[in-house]
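Worksheet for the structure shown next.
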Amino acid sequence: MTFADLELPDRVRDTIGTELCLLPDPSADVDRALTRYHRIFAALPTELLQQIMDFGRHNDAPGVMLVRNLPLDEDLPPTPVDGEPSPAKASFVAEGVLLGLTGLLGEPIGVLTEKDGRLVHDVVPVPEGARAQTNQGSAVFLNFHSDITYDTTGRYDVANPDFLVLNCLRGAAGNDAFTYYADARDLCRHLPDPLVETLRSPLYRLNAPGSYTRSVGEDVLSEPVPILSGAARFPEITVSANGTRPLTRGARTALDALQDACRAVAHAVRLEPGQALLINNRKGVHARSTFRARHDGRDRWLQRTYIRRNLWNVRYRATSEDRRVHY
Ligand SMILES: O=C(O)CCC(=O)C(=O)O
Ligand SMILES: [Fe+2]
């Protein structure tokens, strides 16, 4: 599948940046902030705006889109080292870019077990998580995966985000961090039919995300699920970074072949400040290379949202404190 790549004209970047830098921290009133961002992002040229909206709405759209030449915060404080928001961040341009793009795709959601339910996630290398299969890692390859959500129903691919946006505030100091995306349509074309057939069978149990298993201290496996599902033209894929357990030998062979195929078909992006990656979390799987992290305030810094097209289908998980935050 094509990899979509958009660039804002300088004039539009500057207009959006000037307006965003006047706005306060969106977390105080997210719906009001999203409304303001909506007005601001309406300044995008029609063609660009439609390409982003079409990315969100159409089944046959690409699974990943890079948006370049976005505005930046003028004074960026040191990269936080704990995965928490930086208390020193005094302007909110990056948050505005992230939530402005998010609003073109759907609704940002929080999950209590992921970044304390915040809507804006700071994705930074954390010393204790350096070797973990989570967004805190740096010293290990973060395997091709979907962002999944632990759920008592035993299905982790239902309440999980439809989309992720990753907005880059600071690139890796060694320029060595790559994000990869492998589209399930490409994977199905690449793999022999019998292996695709196996991957379409409920022969796999997914381990819950590392952020959840860390809190309970043990692996928590899903019910047996297929890795690929849905119409042949529009396959959905679900893989856990934290471990996908094949239930048969054949299932293992197909899973190994899938991992190789991901590396073969993936698009690689080295995110730089002013670039955001829009990721469809159902049409493909993503991964991240190892990269050098020093935990000295100059490390790579992304902000991320989890997005649902619609909040209705996840209402069974809604918390009573905040209508965008789910347990
Ligand atoms: O750091 C990256 O490029 C991607 C990390 C990741 O998988 C995520 O944030 O969901
Ligand atoms: Fe991820």
Side-chain angles (χ1 to χ4, degrees), residues 3 63-67 79-80 83-85 94 98 101-102 105 108-111 113-115 118-126 129-150 156-157 160-184 206-214 237-244 259 262-263 266-293 295 299-308:
F3 168 89
V64 65
M65 173 179 272
L66 179 67
V67 184
T79 303
E84 303 283 314
L98 180 71
L101 292 169
T102 294
L105 302 179
I109 59 162
V111 186
T113 51
E114 185 68 31
K115 310 274 183 193
R118 285 189 295 275
L119 300 184
V120 173
H121 303 165
D122 291 279
V123 172
V124 298
V126 176
R131 307 197 67 82
Q133 281 293 320
T134 71
N135 70 82
Q136 300 185 339
S138 55
V140 291
F141 186 87
L142 176 55
N143 298 322
F144 280 93
H145 68 279
S146 325
D147 278 34
I148 55 173
T149 305
Y150 167 74
Y156 302 167
D157 56 343
N160 64 334
D162 297 322
F163 296 91
L164 282 57
V165 175
L166 299 173
N167 184 37
C168 182
L169 285 69
R170 179 171 282 134
N175 261 331
D176 50 352
F178 289 85
T179 308
Y180 301 93
Y181 188 85
D183 191 302
L206 311 178
N207 193 9
S211 52
Y212 180 79
T213 57
R214 215 171 28 236
I237 182 166
T238 315
V239 176
S240 171
N242 201 27
T244 299
Q259 293 291 346
C262 285
R263 289 173 192 260
H267 294 283
V269 179
R270 196 171 52 196
L271 279 170
E272 292 174 12
Q275 298 185 345
L277 201 61
L278 318 186
I279 292 177
N280 186 310
N281 194 39
R282 306 205 180 278
K283 292 179 181 174
V285 283
H286 59 283
R288 191 216 61 234
S289 67
T290 59
F291 64 100
R292 207 151 27 90
H295 314 291
D299 283 331
R300 180 176 187 252
W301 185 1
L302 310 181
Q303 287 182 336
R304 178 182 73 183
T305 45
Y306 277 174
I307 304 168
R308 294 287 297 199

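By convention here, the first residue in the shown sequence is residue 1. Just so we're clear, the structure is a prediction, and the values are computed from it rather than from any experiment. In each ligand, atom 1 is the first atom listed, and ligand 1 is the first ligand listed.
- A donor-acceptor pair under 3.5 Å is formed between the side chain of S240 and the backbone N or O of N207.
- Sorted by chain then number, the residues whose non-hydrogen atoms approach ligand 1 to under 4.0 Å are N135, L142, H145, D147, L164, L166, T179, H286, R288, R300, L302, R304.
- Among protein atoms, those of element N, O or S found less than 2.8 Å away from the Fe ion (ligand 2) are H145 NE2, D147 OD1, H286 NE2.
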For this session: For S146 and D157, run side chain to side chain donor-acceptor pair (under 3.5 Å): C-alpha distance rounded to whole Å, both residues' side-chain angles, the deciding distance at 0.1 Å, then the answer.
Result: CA-CA 9 Å; S146 325; D157 56 343; over 6 Å; no
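- Taking F291 as the reference, nothing meets the ring-ring contact (aromatic ring centres under 6.0 Å, His included) condition, with sequence neighbours excluded.
- Among the candidates R288, Q133, H286, the single residue satisfying the side-chain hydrogen bond (donor to acceptor under 3.5 Å, both in side chains) test with H145 is H286.
- Ring planes of Y212 and Y150: parallel class, angle under 30° (limits at 30 and 60°).
- In terms of heavy-atom proximity, D147 sits nearest to R304 at OD2-NH1, 3.5 Å.
- With salt bridges taken as basic N to acidic carboxylate O contacts below 4.0 Å, one links R282 and D162.
- Shown are L302, L105, I279, V67; of these, the side-chain contact (heavy atoms from CB on, under 4.5 Å) with V165 is made only by L105.
- For Y181, the ring-ring contact (aromatic ring centres under 6.0 Å, His included) criterion is met by no residue, not counting sequence neighbours.
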